[in-house]
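Data block below; observations after.
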Amino acid sequence: MLTVALTGGIGSGKSAVSNHFDSLGVPVIDADRLAHQMVQPGSPALTQIETAFGEHLIDQQGRLNRGALREIVFNDPTQRKRLESILHPPIRQAMEDWVEQQTAPYVILVIPLLFETGQQDIAQRILVVDCEESLQYQRVAQRDNLDESEIAQILASQVDRQTRLEGADDIIENNGDLAALTKATERMHQAYLVLSKS
């Protein structure tokens with residue numbers, strides 16, 4: 001079975017691409033969704049986060065204050081590494097366990113921070129969703145209601161576009177509309193079906 005890691009910068013269109021693969025019947029697992037599940041009240045990872053970053057991050061219902069944690073790790077690479085060391089090993093393990101249970105010709109692992117966390121070896125192929133930086137600004141501003149400096153800060157915390165493109169086996173360009181993105185995803189789907197047989 002072929003394994004494909006799907007990644008891309010913020011606002012590049014990863015979700016639209018992964019949703020379309022899903023609608024085509026391709027098994028898809030998402031690292032961000034796993035991260036959300038890992039920090040449910042009472043979970044081991046949440047206990048580790050509380051110990052590492054302080055109990056003020058947990059509300060009275062035992063839930064994580066994501067916004068407060070984001071602020072801590074966003075402005076401090078050391079703290080970000082600390083959080084990654086808690087979450088990434090169990091997320092990776094969950095992904096690998098999930099892959100073993102699949103029977104489809106190929107599967108998609110959505111890992112937004114694939115290059116940032118050095119996990120390129122998790123899959124046989126790396127698919128990057130790419131678009132012009134100006135479009136990233138536009139899309140993120142519309143979607144998340146952030147201003148230009150906040151978006152610039154997020155982009156600066158991710159690997160640069162060139163690094164991502166150089167590390168890609170396959171690229172879907174998303175500089176057009178949703179119809180063009182859907183077509184590009186379907187072409188990739190056909191290519192992966194062929195590759196999975198070889």
Side-chain angles (χ1 to χ4, degrees), residues 1-50 52-53 57-59 61-74 80-104 106-130 136 139-140 143-146 154 157-159 164 172 174 178 181-182 185 188-189 192:
M1 183 177 58
L2 181 68
T3 52
V4 180
L6 169 65
T7 194
I10 188 168
S12 60
K14 291 182 301 296
S15 298
V17 170
S18 66
N19 288 343
H20 195 57
F21 275 121
D22 185 48
S23 75
L24 293 167
V26 181
V28 175
I29 190 167
D30 188 311
D32 280 355
R33 287 197 195 130
L34 283 174
H36 276 259
Q37 290 164 17
M38 301 264 166
V39 294
Q40 293 304 317
S43 65
L46 189 59
T47 305
Q48 284 180 273
I49 288 169
E50 186 177 355
F53 297 97
L57 290 177
I58 314 298
D59 71 14
Q61 281 76 44
R63 291 183 309 234
L64 176 65
N65 180 339
R66 291 174 198 283
L69 180 61
R70 199 177 297 120
E71 269 179 41
I72 293 170
V73 301
F74 203 75
R80 189 159 65 232
K81 286 267 178 288
R82 205 169 168 196
L83 178 63
E84 286 168 2
S85 72
I86 294 170
L87 289 177
H88 287 167
I91 289 171
R92 183 174 179 130
Q93 189 59 56
M95 283 192 151
E96 288 171 350
D97 293 346
W98 175 85
V99 167
E100 281 179 22
Q101 293 161 13
Q102 303 310 309
T103 54
Y106 78 95
V107 296
I108 298 278
L109 299 95
V110 184
I111 308 176
L113 299 176
L114 181 78
F115 291 100
E116 291 82 349
T117 54
Q119 294 191 82
Q120 294 94 311
D121 64 336
I122 197 169
Q124 291 153 296
R125 292 190 81 79
I126 294 173
L127 170 59
V128 169
V129 184
D130 179 62
Q136 284 181 278
R139 289 171 183 157
V140 177
R143 185 189 70 192
D144 299 338
N145 207 12
L146 299 175
I154 294 168
S157 74
Q158 299 185 338
V159 299
R164 224 181 265 115
I172 288 180
N174 184 21
L178 189 58
L181 185 64
T182 300
T185 306
M188 212 67 256
H189 173 58
Y192 287 147

Could you tell me whether D121 and R92 have a side-chain N and a carboxylate O separated by less than 4.0 Å?
yes
Here the pair of heavy atoms bringing V129 nearest to G13 is CG1-C, 4.0 Å
For the CG atom on N145, are there more than 12 heavy atoms of other groups (residues, nucleotides or ligands in this structure) within a distance under 6.0 Å?
no
Short side-chain to backbone donor-acceptor contact, N19 and S15, under 3.5 Å:
yes
Has the side chain of S12 got a donor or acceptor atom that lies under 3.5 Å from a matching backbone atom of D130?
no
With a cut-off of under 6.0 Å to the ring centre and 45° to the axis, is R82 in cation-pi contact with F53?
yes
Shortest non-hydrogen contact between L57 and A68, atoms and distance
CD2-CB, 3.4 Å
Side chains of D97 and Q93: donor-acceptor distance under 3.5 Å anywhere?
yes
Within the structure provided, determine whether L69 and V73 are in side-chain contact (heavy-atom separation under 4.5 Å).
yes
For a quick test of reading the model, state the closest non-hydrogen atom pair linking R164 to V159 and the distance between them.
NH2-O, 3.1 Å
Please check: side-chain N/O of Q119 versus main-chain N/O of F115, any donor-acceptor pairing under 3.5 Å?
no
Please answer whether the main-chain N or O of P112 pairs with a side-chain N or O of T7 as donor and acceptor at a distance below 3.5 Å.
yes
Separation of M95 CE from L109 CG (nearest 0.5 Å)
5.0 Å
Determine whether a donor-acceptor pair (N or O, by modelled atom type, separation under 3.5 Å) exists between the side chain of D144 and the backbone of L146.
no
Q158 side chain to I10 backbone, donor-acceptor under 3.5 Å:
yes
Looking only at heavy atoms, the pair that brings A16 and L178 closest together is CB-CD1, 4.2 Å
Pick from Q124, R125, H189: which one makes a side chain to side chain donor-acceptor pair (under 3.5 Å) with Y106?
H189
Taken to the nearest 0.5 Å, the spacing of I108 CD1 from L127 CG works out to 6.0 Å
Could you give me the CA-CA distance, side-chain angles and deciding distance for E116 and S157, then say whether side chain to side chain contact (heavy atoms under 4.5 Å, CB included) is met?
CA-CA 9 Å; E116 291 82 349; S157 74; over 6 Å; no
Looking only at heavy atoms, what is the nearest atom pair of A5 and I122, with distance?
CB-CG2, 4.4 Å
Distance in Å, D32 CG paired with I91 CD1, rounded so as to fall on 0.5 Å steps:
8.0 Å
Distance check, rounded to the nearest 0.5 Å: H20 atom NE2 versus M188 atom CE?
13.0 Å
Can you confirm whether more than 12 heavy atoms, excluding those of R143, are under 6.0 Å from its CZ atom?
yes
For A94 and M38, work out which heavy atoms get closest and say how close.
CB-CE, 4.0 Å
Quick check for you: to the nearest 0.5 Å, what is the distance between N174 atom CG and L181 atom CG?
4.0 Å
V26/D22 under side chain to side chain contact (heavy atoms under 4.5 Å, CB included): CA gap, chis, key distance, verdict
CA-CA 5 Å; V26 181; D22 185 48; over 6 Å; no
So, K14 side chain and G9 main chain: donor-acceptor pair closer than 3.5 Å or not?
yes
Nearest 0.5 angstrom please: L64 CG to E50 CD, how far?
10.0 Å
I would like to know whether L6 and V17 meet side chain to side chain contact (heavy atoms under 4.5 Å, CB included); could you show each step before the answer?
CA-CA 9 Å; L6 169 65; V17 170; 4.2 Å; yes
Go through the steps for V39 and I49 under the test side chain to side chain contact (heavy atoms under 4.5 Å, CB included), then give the verdict.
CA-CA 9 Å; V39 294; I49 288 169; 3.6 Å; yes
